[in-house]
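A, B, ... follow the sequence lines: proteins, then strands. Residue 1 opens every chain.
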Number of protein chains: 2
Amino acid sequence: MATRSTLADQQSNDAVVDLGVVDGLVQLSFLIQSLLGRVAARHGLSIIQLRLLGVLRDREIGMLGLSRILELEKSSATGLVDRAERRELVRRVPVVGNRRAVHVALSEQGQALARAVHAEVATEITTLTADLSAPKRDQLSRLATTLVLGDAAARSLRL
Amino acid sequence: MATRSTLADQQSNDAVVDLGVVDGLVQLSFLIQSLLGRVAARHGLSIIQLRLLGVLRDREIGMLGLSRILELEKSSATGLVDRAERRELVRRVPVVGNRRAVHVALSEQGQALARAVHAEVATEITTLTADLSAPKRDQLSRLATTLVLGDAAARSLRL
DNA sequence: TATTGTTATACTCTATAACTATA
DNA sequence: TATAGTTATAGAGTATAACAATA
């Protein structure tokens, strides 16, 4: 896991120790989640509510689709949306032509909050990565993208 | 945030689109958390219980230290340890010379589970990153390490 | 019959406030 | 008084199972 550090492959990264890709990614994920948790808490939100706002930012979707994206049981999605609706962040809207389906959409308030939260997350992550050189930040961005898209592809094929 | 993709700075990464460092890191963190959640669920654990095992893997620690590391209120740590102790994964051990303090330590069973879980996580992340070339995997590892250690340093200074 | 969603129930996880006991 | 930890309470989040309504 951990890479033996040689001058040849070092390519100048300041880190003297290398956590390895396993612990590195795990710890990085907790770091980002902690950051998201802090931003969410500022607005009285949990991470899952933050995520709900993020998912609904660019689409309107049914309960079943929501539970698939958030990897929740549909009954959990019901409760999640109930609480968000109680706070007037989202609305259940009827679907024309299918009377048993509902779509969940952001309210005006929810849209504003989603925008604010996204901006704050962007600021914090920018700060977090501020010490990286531009090429390294781009490397990181591309590597993260590769993993995320690769996993999405693998998961669609297998399931 | 998103990087304009030019032939010059492309450095050959297969990703045609780049999520940008903000969305890339956020989505990557959810991907890793989802992976951790699947591994945890296999053993009837939650992510926080998984984390508890991970934290106690190489140290024995008091409730207050635990709550700082896990970013929980101390009362939340009490409940967490209560439930883990009920499942015989950890033990509260008295601290000699300080009768109001307790340390939390893994039981034999907890140690075995922590090892098993860590191995499974390693396997899954290895699979996840299997398509990366060795140099790219090393880049990723070093970049993750840089962010994690940098944040730890920044946070110790500020708090 | 299958699909979409909700309800009932029970448990985990979490925070706040108040408490005990020791330092 | 300050520190280490627990208890009481309330609410969010989650899963399982059973249900209702529509397709």
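With sequence neighbours excluded, the residues satisfying side-chain hydrogen bond (donor to acceptor under 3.5 Å, both in side chains) with A:E85 are A:R92. Partners of A:Q49 under the side-chain contact (heavy atoms from CB on, under 4.5 Å) rule, at least two apart in sequence or in another chain, are A:L45, A:S46, A:L52, A:L80, A:R83, A:A84. B:R100 is linked by a side-chain contact (heavy atoms from CB on, under 4.5 Å) to B:N98, counting only residues two or more places apart in sequence or in another chain. Residues forming a side-chain contact (heavy atoms from CB on, under 4.5 Å) with A:R99 (at least two apart in sequence, or on another chain): none. With sequence neighbours excluded, no residue satisfies salt bridge (Lys or Arg N to Asp or Glu O under 4.0 Å) with A:R57.
Taking all atoms of both residues into account, the shortest heavy-atom contact from B:E88 to B:Q109 is O-CB, 3.8 Å. Of all heavy-atom pairs between B:V117 and B:V39, the closest is O-CG1, 4.0 Å.
Between the CG atom in A:L35 and the CZ atom in A:F30 there is a gap of 15.0 Å [rounded to 0.5 Å]. Annotation: the span from B:L53 atom CG to B:H118 atom NE2 amounts to 12.0 Å, rounded to 0.5 Å.
Residues from residues 63-71 of chain A placing a heavy atom under 4.0 Å of any atom in DNA chain C, listed by number, are A:M63, A:L64. Of the residues in residues 89-103 of chain B, those lying under 4.0 Å from DNA chain D by heavy-atom distance are B:R92, B:R100, B:A101, B:V102. Taken residue by residue, residues 109-116 of chain A places no heavy atom nearer than 4.0 Å to DNA chain C. Scanning residues 41-58 of chain A for heavy-atom distances under 4.0 Å to DNA chain C yields an empty list.
On the nucleic acid side, DNA chain C has its first and last nucleotide under 4.0 Å of a heavy atom of chain B at C:dT12 to C:dA23, going 5' to 3'.
Side-chain atoms of B:S141 never come within 3.5 Å of backbone atoms of B:R137 as a donor-acceptor pair (strictly under, hydrogens ignored). Remark: the backbone N or O of B:L19 is paired with a side-chain donor or acceptor of A:T145 at under 3.5 angstrom. With A:T127 contributing its side chain and A:T123 its backbone, the two residues share a donor-acceptor pair below 3.5 Å.
Going from atom CG of B:L80 over to atom P of D:dG13 covers 18 Å, rounded to whole Å.
Remark: B:E60 CD is packed, more than 12 non-hydrogen atoms of other residues, nucleotides or ligands lying under 6.0 Å away.
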Which atom pairs, one a donor and one an acceptor, fall under 3.5 Å between side chains of residues 63-71 of chain A and the rest of the protein, sequence neighbours left out?
| from | atom 1 | to | atom 2 | distance (Å) |
| --- | --- | --- | --- | --- |
| A:S67 | OG | A:M63 | O | 3.3 |
| A:S67 | OG | A:L64 | O | 2.8 |
| A:E71 | OE1 | B:S34 | OG | 3.0 |
| A:E71 | OE2 | B:S34 | OG | 3.2 |

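A donor atom on one side chain and an acceptor atom on the other are found under 3.5 Å apart for B:Q33 and A:S29.
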Check: protein-nucleotides 16-20 of chain D nitrogen or oxygen pairs below 3.5 Å:
| from | atom 1 | to | atom 2 | distance (Å) |
| --- | --- | --- | --- | --- |
| D:dT16 | O4 | A:S75 | OG | 2.6 |

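Looking at heavy atoms from C-beta onward, A:L56 lies in side-chain contact with A:V104 at the 4.5 angstrom threshold. Under the 4.5 Å side-chain criterion, counting only non-hydrogen atoms from C-beta, B:L147 is in contact with A:L132.
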